[in-house]
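None of these values were measured; they are calculated from a predicted model. Worth knowing before you read on, the calculation uses all heavy atoms, side chains too, and leaves out hydrogens, waters and symmetry mates.
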Amino acid sequence: MKQSLFNSLFLKACRGERVPRPPVWLMRQAGRYLPQYRAIRAGVDFLTLCKTPELASRVSLQPVDILGVDAAVIFSDILVLLEAMGLHIHFAKDHGPRIEHPLRSVSDIRRLHPPDIAKDLRYVGEAIRLTSDTLRPRNIPVIGFAGAPFTLACYAIEGETSREFNKTKRFMNEDPKNFALLLAKLADGIALHLQGQIEAGASAVQIFDTWGGILSREDYLLFALPALQRAIDGVRRLGAPVILYVNGSTPHLEAMAETGADVLSVDWRLPLSEVRRRVGRKVALQGNLDPTVLYSNPRVIRQRTRAMFADHPGPGLIANLGHGILPDIPVAHAKAFVKAVQTVQM
Ligand code: CP3
């Protein structure tokens, strides 16, 4: 990695070093709230967009140019790994993802195979290479990502998005041994996927545990935590910071701090000062404006963003939302958030 990129605002903050202001990016920043994204997406379906490196890279660069964020996130999806491990995924119009023949039995779990990254996920690496080549002269890092073992298990077992993921929790309770086996298999796939992204030029990686919040603390410790540790152990030696996002993080903060992640990305439910008290100083924090605050006007957005930092002045702070940006947020409001962070003094 070039020295200047190593010393970029974003990577310094990930390492907990002192910076003049917090870096800022938005989860799901490459997406539907941008007219420029919708224009490209109008001509191509979602998975084809993910699998066409030149287009995926263009979409990843859009928020850097339009919002002026301090990091790019690669345009892809957490479910492409499941495809590379043998499941059939598709994105139906207006329905979100669907998996044909979801996992329901031990023999289904045996069908899952390790991903061949160089072959079946080659397009992710190529998109990262193109994007990081473009951004390196500007010292802007590219973030790679994957789903967490538990969140991927939710989709693999349920076959579609759900509110309660009862089929997943049924499997977990009926057959805990094989559920743990599934999570371990997914963890190994996640480690390979993240390694491939770092080798292709991602300077940091984020693990999305979108559904970790539906687990009791006991089950998070029993199932989700060991699998996360296994995945993170598999990438740490490469030296790129690992960010762990959990939606519904409140009960799980102490466990998240034990995963080996360098940065905890938290939802909006607690003030950052309280999160900091609970996890101590060994991790950086990323967050955590409620994404719906971006529906308010730019004046309120500025106030609420500044209040976030007044409460926790850093170091080791990365500004983001508490979950992904919603598709109907005005671009001007996303810009107001980015601008508000960039004028904070620490
Ligand atoms: O952050 C970014 O800008 C990079 C791209 C990105 C996408 N998905 C593109 C996408 C990232 C980081 C993801 C992660 C992802 N994918 C998660 C975890 C993040 C989170 O919000 O908690 C999850 C749960 C998925 C699975 C997934 N993909 C769902 C449930 C859906 C349908 C719901 C939705 O948001 O539309 C998708 C589709 C998807 N992934 C879209 C995009 C831009 C919309 C596809 C379109 O253009 O029609």
Side-chain angles (χ1 to χ4, degrees), residues 45-47 50-51 76-92 95-117 119-121 123-124 145-197 206-216 218-235 244-248 252 255 259:
D45 69 80
F46 175 66
L47 265 187
C50 290
K51 292 178 181 183
S76 178
D77 198 86
I78 62 167
L79 301 179
V80 298
L81 176 62
L82 292 182
E83 185 177 61
M85 294 180 76
L87 295 178
H88 293 278
I89 61 169
H90 60 93
F91 287 81
H95 191 278
R98 270 190 196 282
I99 287 161
E100 280 166 50
H101 309 298
L103 307 180
R104 294 287 154 78
S105 66
V106 180
S107 63
D108 288 341
I109 294 177
R110 289 208 191 93
R111 279 194 292 139
L112 278 188
H113 55 74
D116 183 341
I117 303 294
K119 184 168 155 279
D120 296 324
L121 289 169
Y123 57 88
V124 179
F145 71 90
F150 178 72
T151 287
L152 286 182
C154 281
Y155 286 102
I157 292 171
E158 217 79 20
E160 61 189 349
T161 291
S162 154
R163 236 161 47 87
E164 304 284 344
F165 287 96
N166 282 336
K167 293 190 185 82
T168 308
K169 289 171 99 174
R170 176 176 178 167
F171 197 132
M172 179 178 85
N173 284 290
E174 279 183 346
D175 193 350
K177 223 174 111 218
N178 282 305
F179 189 72
L181 200 75
L182 167 63
L183 294 190
K185 225 169 164 174
L186 291 169
D188 293 343
I190 290 160
L192 291 171
H193 188 26
L194 294 177
Q195 282 165 22
Q197 295 181 65
Q206 176 153 327
I207 299 179
F208 283 92
D209 207 351
T210 305
W211 298 110
I214 67 172
L215 289 176
S216 68
E218 190 181 2
D219 285 333
Y220 197 85
L221 292 173
L222 208 55
F223 295 103
L225 177 64
L228 277 166
Q229 286 169 328
R230 187 175 173 123
I232 293 172
D233 274 355
V235 290
L244 171 63
Y245 171 74
V246 178
N247 187 24
H252 305 319
T259 54

Which atom pairs, donor and acceptor, lie under 3.5 Å between side-chain atoms of residues 79-89 and protein residues at least two apart or in another chain?
unit_1, atom_1, unit_2, atom_2, d
E83, OE1, K51, NZ, 2.7
E83, OE2, K51, NZ, 3.3

Under 3.5 Å, which donor-acceptor pairs do the side chains of residues 173-184 form with other protein atoms, sequence neighbours left out?
unit_1, atom_1, unit_2, atom_2, d
N173, ND2, K169, O, 2.8
E174, OE2, R170, NE, 2.9
E174, OE2, R170, NH2, 3.2
D175, OD1, N178, N, 3.3
D175, OD1, N178, ND2, 3.2
D175, OD2, N178, ND2, 2.9

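With sequence neighbours left out, H252 forms a ring-ring contact (aromatic ring centres under 6.0 Å, His included) with Y220. Remark: Y123 engages no residue in a ring-ring contact (aromatic ring centres under 6.0 Å, His included) (not counting sequence neighbours). For the salt bridge (charged side-chain N to carboxylate O under 4.0 Å, His left out) test, no residue two or more places apart in sequence or in another chain qualifies with D219.
Separation of atoms CD1 (I190) and CG (L152) is listed at 5.0 Å; rounding is to 0.5 Å. Note that CG of L47 is 5.5 Å distant from CZ of F91, once rounded to the nearest 0.5 Å. Separation of atoms CZ (R98) and NE2 (H90) is listed at 7.0 Å; rounding is to 0.5 Å.
Side-chain contact check for I157 versus M172: every heavy-atom pair is 4.5 Å or farther apart. With a 4.5 Å cut-off on side-chain heavy atoms, L221 and E218 do not count as touching. Between C154 and T168, the closest side-chain pair of non-hydrogen atoms falls below 4.5 Å.
Residue pairs meeting the salt bridge (Lys or Arg N to Asp or Glu O under 4.0 Å) criterion with at least one member in residues 221-231, sequence neighbours excluded: D188-R230.
Heavy-atom minimum distance, L186 versus P149: CD1-O, 3.5 Å. In terms of heavy-atom proximity, A187 sits nearest to A227 at CB-O, 3.4 Å. Taking both residues in full, the closest heavy atoms of A146 and L194 are given as CB-CD2, 3.7 Å, listed atom of the first, atom of the second, then distance.
A donor-acceptor pair is defined here as one N or O able to donate and one able to accept, closer than 3.5 Å; no such pair exists between the side chain of Q206 and the backbone of Y245. Using modelled atom types, one side-chain atom of Q197 and one backbone atom of F145 make a donor-acceptor pair closer than 3.5 Å. Put simply, the side chain of T151 gets close to the backbone of W211: a donor and an acceptor are under 3.5 Å apart.
More than 12 heavy atoms of other residues, nucleotides or ligands sit less than 6.0 Å from atom CZ of R111.
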Would you please test H101 and D108 for side chain to side chain contact (heavy atoms under 4.5 Å, CB included) and show each step?
CA-CA 9 Å; H101 309 298; D108 288 341; over 6 Å; no
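Remark: aromatic rings of F150 and F223 are distant, center separation not under 6.0 Å.
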